[in-house]
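Order of listing sets the numbers, starting from 1, for every ligand and every atom in it.
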Amino acid sequence: MGICVGLQAMFEGSAENPVVPGLGIISGCLKRFDDTNKSVPHIGWNSAATSRTDSAESRCFYGLQSGSKYYYVHSYAVPYVDGRLESEGWTVATAQYGNEKFVGAIGRGNVLATQFHPEKSGAAGLRVLRAFLKDVEWYPVDGMSSPETGQGLTRRIIACLDVRANDDGDLVVTKGDQYDVREKTRTAAGGNVRNLGKPVHLAQKYYEQGADEITFLNITSFRNCPLADLPMLEILERTSENVFVPLTVGGGIRDTIDSDGTKVSALEVATLYFQSGADKVSIGSDAVTVTEQYIKNDHHLSGMSAIETISAAYGNQAVVVSVDPKRVYVKSPEATKHHTLRTGHLGPLGEEYCWYQCTIKGGREGRDIDVKQLVTAVEKMGAGEILLNCIDKDGGNSGFDLELINDTKKAIKIPVIASSGAGVPAHFEEVFGHTTTDAALGAGMVSIPHRGRRRVGLTQDKFHRGEYSVKDVKDHLSSRGFLIRPFEPGI
Ligand code: 1PR
């Protein structure tokens, strides 16, 4: 069985590196997805629909059900040509990305290869693994679990857990607004860190509610974290035992010095996270610092940055850059050297323009660099995805910053995850309906219980924290005609 690059290796070759031959077990070569009108890498949940089913006996090829969705993450694929591989005796399952149809899985006898990751595809993926391990080429269709859905990539919903130690030293999930995670009090020192629960438990809950991905952010990582004490390692290990969707971890991915004085590279830190169950690492502050150097260096890549070294070792799909911008209003585009946009939400002095300033250390320090400069630079360095936060919107429950998202999408080809501001399921409909975002992330909306909810703006009477689950968001999107991954109960 080959998974992802394991499928790719079974073919004759790939445009990714034409001089290296594949194993040639299956005829054909891979080519890169066309990124003219879509994001590349292709990341998310897509079909693996076989032309052959044993409908008389309700059995499907290696557990692949046409209504199920599977998690893909890749830039190269085998284009599907009608009947070619089937004429060589293979059974082929296909997926559609934009106008490109490609091989999602292929098998014959005891050979099975999947372009998607079954180990990250929830119950649908576990069924494929089970069929292969039991050596059952024609596996019984699970009637309960596979309603027919449309073909193509689904809208991806990500649950985000901001993690830090509380004042008693316990690791907890927390959430604030505009990055302030302490309870509001009258004293200058602020209240306790909001405690919304245990990270592993909450991750499991969101998985069961149908989250397509889970992101953990260690939000106090700017404090030096000795390697021996990386708090997220155990969280990842325990989560990945029972949660079979992609896990991203962020916070503190940078070159660091351990407590005994040993230098530890960002690549080594990332390796530890991958070995503990992470599928992607998310880089925040370090991405800003290296972009500043890149600009100073006349746009020459150093080859040494965390983004470059990690994506060279693990592929760009494994590297997310998390951006923490703040709006800066200006009277006219000429008032700043930065990339501005004309905004429908005027500034405090009636300003019609704004630019988005990147920050480091969890929004504590603004830098002289704008979001467009950052995302275009990190795309060149090898980032595979952008997690686009917005400090002005964070925890506000007033909806995503659609202007920022559209402006960022125009600048790059890699996928963008819209983040900050989700308050009601309709905000997800809005962001998918009015931007071309590839995914949307929610934190407070799905994690904060009723009693912890700050009364904010227009949503205060209608929306109570903890009132909505990931499933509510997906049901809402589905009812509005958006393609989402159907919920399949676990095996
Ligand atoms: O800089 O590489 O060490 O990474 C630190 C990471 O921690 C960054 O990704 C940064 O975004 C995150 N972070 C730091 N401080 C905070 C904070 O809240 N005090 N969290 C913080 C940012 C992540 C957001 C949030 C959305 C959605 N939170 O993604 O989850 O705004 O919130 P909402 O749905 O409730 O509106 P480094």
Side-chain angles (χ1 to χ4, degrees), residues 157-164 173-182 190 193-194 196 202 213-225 230-232 248-256 266 269-270 273 280-290 305-307 310 319-326 358-365 367 374 378 383 385-401 404-405 417-425 427-428 431 439-448 452-454 456-457 459 463 465-466 468 470 473:
I157 305 298
I158 301 174
C160 180
L161 305 176
D162 290 356
V163 179
R164 62 162 286 168
V173 175
T174 189
K175 188 70 202 76
D177 40 76
Q178 302 192 350
Y179 287 24
D180 178 3
V181 298
R182 290 191 176 269
V193 170
R194 286 198 192 103
L196 303 174
L202 283 176
E213 274 182 56
I214 291 167
T215 295
F216 294 102
L217 296 175
N218 173 6
I219 68 168
T220 45
S221 54
F222 58 90
R223 297 175 187 157
N224 208 22
C225 260
L230 280 182
M232 305 300 268
T248 301
V249 64
I253 316 280
R254 56 168 183 260
D255 294 340
T256 180
V269 177
Y273 282 131
K280 315 184 212 180
V281 290
S282 162
I283 301 175
S285 305
D286 190 71
V288 178
T289 313
V290 296
S305 67
I307 300 170
I310 300 169
V319 182
V320 181
V321 166
S322 162
V323 193
D324 299 311
K326 274 183 182 160
C358 294
T359 65
I360 57 172
K361 301 180 182 169
R364 286 167 182 80
E365 201 179 308
R367 306 294 301 183
L374 181 84
V378 299
E385 205 171 20
I386 299 293
L387 166 51
L388 186 60
N389 303 299
C390 177
I391 296 181
D392 311 273
K393 286 284 193 173
D394 173 69
N397 307 323
S398 62
F400 295 89
D401 189 331
L404 168 65
I405 297 160
I417 301 165
S419 165
S420 305
V424 289
H427 289 149
F428 286 86
V431 77
L441 173 151
M445 175 178 160
V446 287
S447 68
I448 298 188
R453 184 161 287 273
R454 194 169 77 103
V456 183
T459 56
F463 179 65
R465 292 186 178 188
Y468 298 109
V470 176
V473 173

Novice: Test your reading of the model: is there a side-chain donor-acceptor pair from Ser285 to the backbone of Lys361, 3.5 Å cut-off?
Specialist: yes
Novice: About how many Å separate NZ of Lys280 and CD of Glu213, when rounded to the nearest 0.5 Å?
Specialist: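 The NZ atom of Lys280 is 3.5 Å from CD of Glu213, to the nearest 0.5 Å.
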Novice: If I apply the N/O under 3.5 Å rule, does Leu387 come out as touching ligand 1?
Specialist: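 No; the residue has no nitrogen or oxygen that sits under 3.5 Å from a nitrogen or oxygen of the ligand.
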Novice: Which heavy atom of Ile310 sits nearest a heavy atom of Ala270, and at what distance?
Specialist: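 Closest approach of Ile310 to Ala270: CD1-CB, 3.6 Å.
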Novice: Identify, by atom number and element, the atoms of ligand 1 in contact range of Asp394, meaning under 4.0 Å from any of its heavy atoms.
Specialist: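 Matching atoms, with element in brackets: 25 (C), 26 (C), 27 (C), 31 (O), 32 (O), 36 (O).
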Novice: Would you say Asp177's side chain and Asp394's backbone share a donor-acceptor pair under 3.5 angstrom?
Specialist: no
Novice: Between Met445 and Ala422, what is the shortest heavy-atom contact and its length?
Specialist: CB-O, 3.5 Å
Novice: Under 3.5 Å, N or O to N or O, is Lys361 touching ligand 1 that way?
Specialist: no
Novice: Does the N or O separation between Gly396 and ligand 1 drop below 3.5 Å for any pair?
Specialist: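 Between Gly396 and ligand 1, no N or O pair is found under 3.5 Å apart.
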Novice: With atoms numbered from 1 as shown, which atoms in ligand 1 lie under 4.0 angstrom from a non-hydrogen atom of Gly421?
Specialist: 33 (P), 36 (O)
Novice: Is the shortest N/O to N/O distance between Leu441 and ligand 1 below 3.5 Å?
Specialist: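 No, since none of the N or O atoms of Leu441 sits under 3.5 Å from an N or O of ligand 1.
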Novice: Any idea which atoms of ligand 1 are less than 4.0 Å away from a heavy-atom of Ser285?
Specialist: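 Heavy-atom distances to Ser285 below 4.0 Å select 1 (O), 2 (O), 37 (P).
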Novice: Purely on distance, is any nitrogen or oxygen of Cys160 under 3.5 Å from one on ligand 1?
Specialist: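 Among all N and O atoms of Cys160, none is under 3.5 Å from an N or O of ligand 1.
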Novice: Does Thr359 reach the main-chain N or O of Asp324 with its side chain, forming a donor-acceptor pair under 3.5 Å?
Specialist: yes
Novice: Just how far is it from atom CD1 of Ile158 to atom CD1 of Ile417, taken to the nearest 0.5 Å?
Specialist: 3.5 Å
Novice: Does any donor atom in the side chain of Ser305 or Asp286 lie under 3.5 Å from an acceptor atom in the other side chain?
Specialist: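 No, no side-chain donor-acceptor contact under 3.5 Å.
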Novice: Would you say Val323 and Cys358 make side-chain contact, with heavy atoms under 4.5 Å?
Specialist: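 Sidechains of Cys358 and Val323: in contact.
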Novice: Does any N or O of ligand 1 fall below 3.5 Å from an N or O anywhere on Ser322, backbone included?
Specialist: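 So ligand 1 has an N or O lying under 3.5 Å from an N or O of Ser322.
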Novice: Using heavy atoms and a 4.0 Å limit, tell me yes or no: is Asp324 in contact with ligand 1?
Specialist: yes
Novice: With heavy-atom distances below 4.0 Å as the criterion, list the atoms of ligand 1 near Gly362.
Specialist: 14 (C), 15 (N)
Novice: Just which atoms of ligand 1 are under 4.0 Å from any heavy atom in Gly251?
Specialist: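 The atoms of ligand 1 under 4.0 Å from a heavy atom of Gly251 are 3 (O), 4 (O), 5 (C), 37 (P).
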Novice: Enumerate the atoms of ligand 1 whose separation from the nearest heavy atom of Gly444 is less than 4.0 angstrom.
Specialist: 33 (P), 34 (O), 35 (O)
Novice: Under 4.0 Å, counting heavy atoms only: does Ser419 come that close to any atom of ligand 1?
Specialist: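 Checking ligand 1 against Ser419, which is what was asked, there is a heavy-atom contact under 4.0 Å.
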Novice: Should the proximity of Leu217 to ligand 1, defined as any heavy atom under 4.0 Å, be assigned to the side chain, the backbone, both, or neither?
Specialist: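 Contact part for Leu217 vs ligand 1: side chain (C-beta onward).
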Novice: Is there side-chain contact between Val319 and Ile253, with heavy atoms separated by less than 4.5 Å?
Specialist: no
Novice: Please check this pair: side chain of Arg194 against backbone of Lys175, looking for a donor-acceptor N/O pair closer than 3.5 Å.
Specialist: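 Here the side-chain-to-backbone pair exists.
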Novice: Any N or O of Ser420 that comes nearer than 3.5 Å to an N or O of ligand 1?
Specialist: yes
Novice: Any heavy atom of Gly395 closer to ligand 1 than 4.0 angstrom?
Specialist: yes
Novice: Under 3.5 Å, side chain of Ser282 to main-chain N/O of Gly250, donor-acceptor pair present?
Specialist: no
Novice: Please check whether Arg364 reaches ligand 1 - meaning an N/O of the residue sits under 3.5 Å from an N/O of the ligand, judged on distance alone.
Specialist: no
Novice: Any atoms of ligand 1 less than 4.0 Å from a non-hydrogen atom of Gly252? List them with their elements.
Specialist: 2 (O), 3 (O), 37 (P)
